Q: 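Before anything else, here's the structure in question.
Just so you know, these numbers come straight off a predicted model, no measurement behind them.
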Amino acid sequence: MLQVSYIRENKEEVLARLAVRNFAEPQLVEEVIHLDDQRKRTQAQADELLAKGNAAAKQIGELMRNGKKEEAEAIKAETSSNKEEVKALQDELAQIEHDLQQRLVQLPNLPHKSVPAGKTPEDNEVVLVNGDLPSLPKSALPHWELAAKYNLIDFELGVKITGAGFPVYKGKGAKLQRALINFFLAEADKAGYEEMMVPHLVNEASGFGTGQLPDKEGQMYHVGLDNLFLIPTAEVPVTNLYRDVILKEEELPIKNCGYTPCFRREAGSYGAHVRGLNRLHQFDKVEIVQVVHPDHSYDVLEQMSAHVQGLLQKLGLQYRVLRLCGGDMGFTSALTYDMEVFSAAQERWLEVSSVSNFETFQSNRLKLRFKGKEGKTQLPHTLNGSALALPRILASILENFQTESGIKVPACLVPYTGFDFIN
RNA sequence: GGAAGAAUGGCAGAGCGGUCGAAUGCGGCGGUCUUGAAAACCGUUGACUGUAACAGGUCCGGGGGUUCGAAUCCCUCUUCUUCCGCCA
């Protein structure tokens, strides 16, 4: 959530930066400022009356103590109308605040200056391409056929017990999953991230804190009976660990990682390009999260990007890094890098990580603050990234490392799998 | 699921309906003393809003009510603790 004070003081800049996103409702900016004016005015009126009432009450108290009942009664009579006026103003204020909030939450984060304008993924900027694209023989198979051939994943079984998009990993397929999770966690640990094991269901307040709610509830599975949501990413529970917290400056940076399954409804995204592991309703992911001083957040973003790239290099996968354009960036992000792995058999790039700086957008919603050296509280920046999401990594390992006789397991995983070849 | 109790500042813990944003202790910060440190002593130490700056306003788990006035009384929700039941 943007800060009203910032919007007020930098209206033109806010509008210009929202335009980079092709934000469709710039009039909301003006409305926010207008409502905030109203809010201040009404608040001031109510406060004045309250002050009057407080003073009267104090006076009555004093008079009563001194036994001057009649004088007290006289003041009492005067103040009775005060009460209704206050009530009316406060009701009005509540309405204004509601309207203000309702608009405020519709404003997406402001893109960083380096974010290219653009509408579609075509407009994303390719920052770097690492490695030569692998070329496979004509006989190469896509991962869903390899998964069947070597009995690693059973999509049909998943359909039987749950539905499409919930695969069952079997045997060496399951072990490979577990190995990837352990490898990613071990690497995060080495990089100084403290591991957190968090709930996979979150409440509404958490969904709001990281920006999934309101408006994006259609993307999450909702447990109606208890009003809880299955997490779409570990970002939600991990970042919300710091909701309503005032940190000391010396506690920064906070570095957390966590493995969780992720649940996404992916409504409306059926059809082409969702075969096999390309798009699932449940998948596994290791996430890294940082809470940092605003001065360092873009350095940290580069570090997190480097960490993710390091994982891909160790796995021996060819990848590229994209700087997302304004139109393709998530609602809450100021700058996002996507890492994509080249899937040789499908001959297409698959997104395996997304690393973002949210600046103060989430901390403002979370009421996450830190107390600076001079004792002033301010909002830190939050960042997170997938390190990494498993299914597409698994897909590209299967496809890119396939041979006539089986699949080679990347060397960095062998200590975790206990085998180096699948056949 | 049933019964009882509780929820106050970073923590612990007071708080007859008016003088309570809140005693006291610990912790934190600043200072005196000291070569330095500890101890001792003195001072200081919540958040939000608002203002050019003062002032003012709000907050004692959340919401509502009674009252001129609520941390204190009433209703309700939530959470926690203890006991019982069930259970991986």
Q: If I take atom CG in residue A:L93 and atom C1' in nucleotide B:rU49, what distance separates them, rounded to the nearest angstrom?
A: 11 Å
Q: Using the rule side-chain hydrogen bond (donor to acceptor under 3.5 Å, both in side chains), only one of A:E30, A:E31, A:E25 pairs with A:R103; which is it?
A: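 Among A:E30, A:E31, A:E25, the one that satisfies the side-chain hydrogen bond (donor to acceptor under 3.5 Å, both in side chains) with A:R103 is A:E31.
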Q: If the P atom of B:rA22 is compared with that of B:rA47, how far apart are they to the nearest Å?
A: 14 Å
Q: Between B:rC83 and B:rA12, how far apart are the two C1' atoms, rounded to whole Å?
A: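 Here B:rC83 and B:rA12 have their C1' atoms 26 Å from each other.
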Q: Will you find, in the side chains of A:Q362 and A:E235, an N or O donor that is under 3.5 Å from an N or O acceptor?
A: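 Yes.
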Q: Can you name the nearest heavy-atom pair linking A:Y337 to A:S305, along with the distance?
A: CD1-CB, 4.2 Å
Q: Work out how far the P atom of B:rG25 is from that of B:rU44, and round it to whole angstrom.
A: 13 Å
Q: Across nucleotides 55-65 of chain B, 5' to 3', mark each nucleotide with B, S or - according to how protein heavy atoms within less than 4.0 Å reach it.
A: -BSS------S
Q: Determine whether the side chains of A:S5 and A:Q3 contain a donor N or O and an acceptor N or O closer than 3.5 Å.
A: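 There is no such pair between these side chains.
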Q: Measuring only the P atom in each nucleotide, how far is B:rG18 from B:rA3? A whole number of Å is fine.
A: 35 Å
Q: Look for any protein N or O under 3.5 Å of an N or O in nucleotides 18-21 of chain B and output each such pair with its distance, or none.
A:
residue: B:rG18; atom: N2; partner: A:A57; partner atom: O; Å: 2.8

Q: Drop me the distance from A:Q402's CD to A:N423's CG, to the nearest 0.5 angstrom.
A: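 Here the interatomic distance stands at 13.5 Å.
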Q: I'd like the C1' distance from B:rA40 over to B:rG50, given in whole Å.
A: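 Looking at atom C1' only, B:rG50 and B:rA40 are 43 Å apart.
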Q: For the pair made of NZ in A:K371 and P in B:rU45, what is the distance, rounded to whole Å?
A: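 Rounded to whole Å, this separation is 12 Å.
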Q: Using the C1' atom on both, measure B:rA71 against B:rC59 and round to a whole Å.
A: 11 Å
Q: So among A:Q101, A:K40, A:Q38, which one has a side-chain contact (heavy atoms from CB on, under 4.5 Å) with A:I96?
A: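 Only one option passes, and that is A:Q38.
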Q: Less than 3.5 Å apart, any donor N or O on the side chain of A:S354 or A:D338 sitting next to an acceptor on the other?
A: yes
Q: Kindly write out the residues that satisfy side chain to side chain donor-acceptor pair (under 3.5 Å) with A:K190, not counting sequence neighbours, or none if the list is empty.
A: A:E187
Q: Please compare A:R369 and A:K40 by the position of their nearest nucleotide in RNA chain B and report the one closer to 5'.
A: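 Closest to the 5' end, via its nearest nucleotide, is A:R369.
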Q: Please report the distance, rounded to the nearest Å, between CG in A:L89 and P in B:rU49.
A: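 Rounding to the nearest Å, CG of A:L89 and P of B:rU49 are 21 Å apart.
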Q: Between B:rC80 and B:rG36, how far is it from one C1' atom to the other, in whole Å?
A: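 Between the two C1' atoms, the distance is 47 Å.
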Q: In whole angstrom, give the distance that lies between atom CG of A:L247 and atom P of B:rA47.
A: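 Taking CG of A:L247 and P of B:rA47, I get 14 Å after rounding.
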Q: B:rC48 C1' sits how many Å from A:Q3 CD, rounded?
A: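 Whole-Å distance recorded here is 14 Å.
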Q: To the nearest Å, give me how far apart CD1 (A:I96) and P (B:rU49) are.
A: 17 Å
Q: Starting at the 5' end of RNA chain B, what dot-bracket string do you get if Watson-Crick and G-U pairs under 3.5 Å are bracketed, crossing pairs use [ ], other-strand pairs use | and unpaired bases use dots?
A: ((((((((.[[[..)..(.....]]]((((((.......))))))((((......)))).[[[[[..)....]]]]])))))))....
Q: Identify the heavy atoms of A:L107 and A:F331 that sit nearest to each other, and give their distance.
A: O-CZ, 3.5 Å
Q: If the cut-off is 4.0 Å, is A:T377 near the phosphate of B:rG46, judged by side-chain N/O to OP1 or OP2?
A: no
Q: Can you tell me the distance, in whole Å, between the CD atom of A:E85 and the P atom of B:rC68?
A: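 Atom CD in A:E85 sits about 16 Å away from atom P in B:rC68.
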Q: Which pairs count as side-chain hydrogen bond (donor to acceptor under 3.5 Å, both in side chains) when at least one residue sits in residues 42-52 of chain A, sequence neighbours excluded?
A: none
Q: Just grab all the side-chain hydrogen bond (donor to acceptor under 3.5 Å, both in side chains) pairs involving residues 171-186 of chain A, residues at least two apart or on different chains.
A: A:Q177-A:D284
Q: Expressed in angstrom and rounded to an integer, what is the separation of A:E84 atom CD from B:rC68 atom C1'?
A: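 It works out to 13 Å between those atoms.
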Q: Before we go on, tell me: are the rings of A:Y298 and A:H381 under 6.0 Å apart, centre to centre?
A: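 No, ring centres 6.0 Å or more apart.
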Q: Please state the C1' separation for the pair B:rG2 and B:rU67 - nearest whole angstrom.
A: 37 Å
Q: Step by step, work out the salt bridge (charged side-chain N to carboxylate O under 4.0 Å, His left out) result for A:R39 and A:D36.
A: CA-CA 5 Å; A:R39 196 204 98 237; A:D36 192 51; 2.3 Å; yes
Q: What does A:R39 touch in the nucleic acid at a heavy-atom separation under 4.0 angstrom: a base, only the sugar-phosphate, or nothing?
A: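 Answer is sugar-phosphate: A:R39 comes under 4.0 Å of backbone atoms only.
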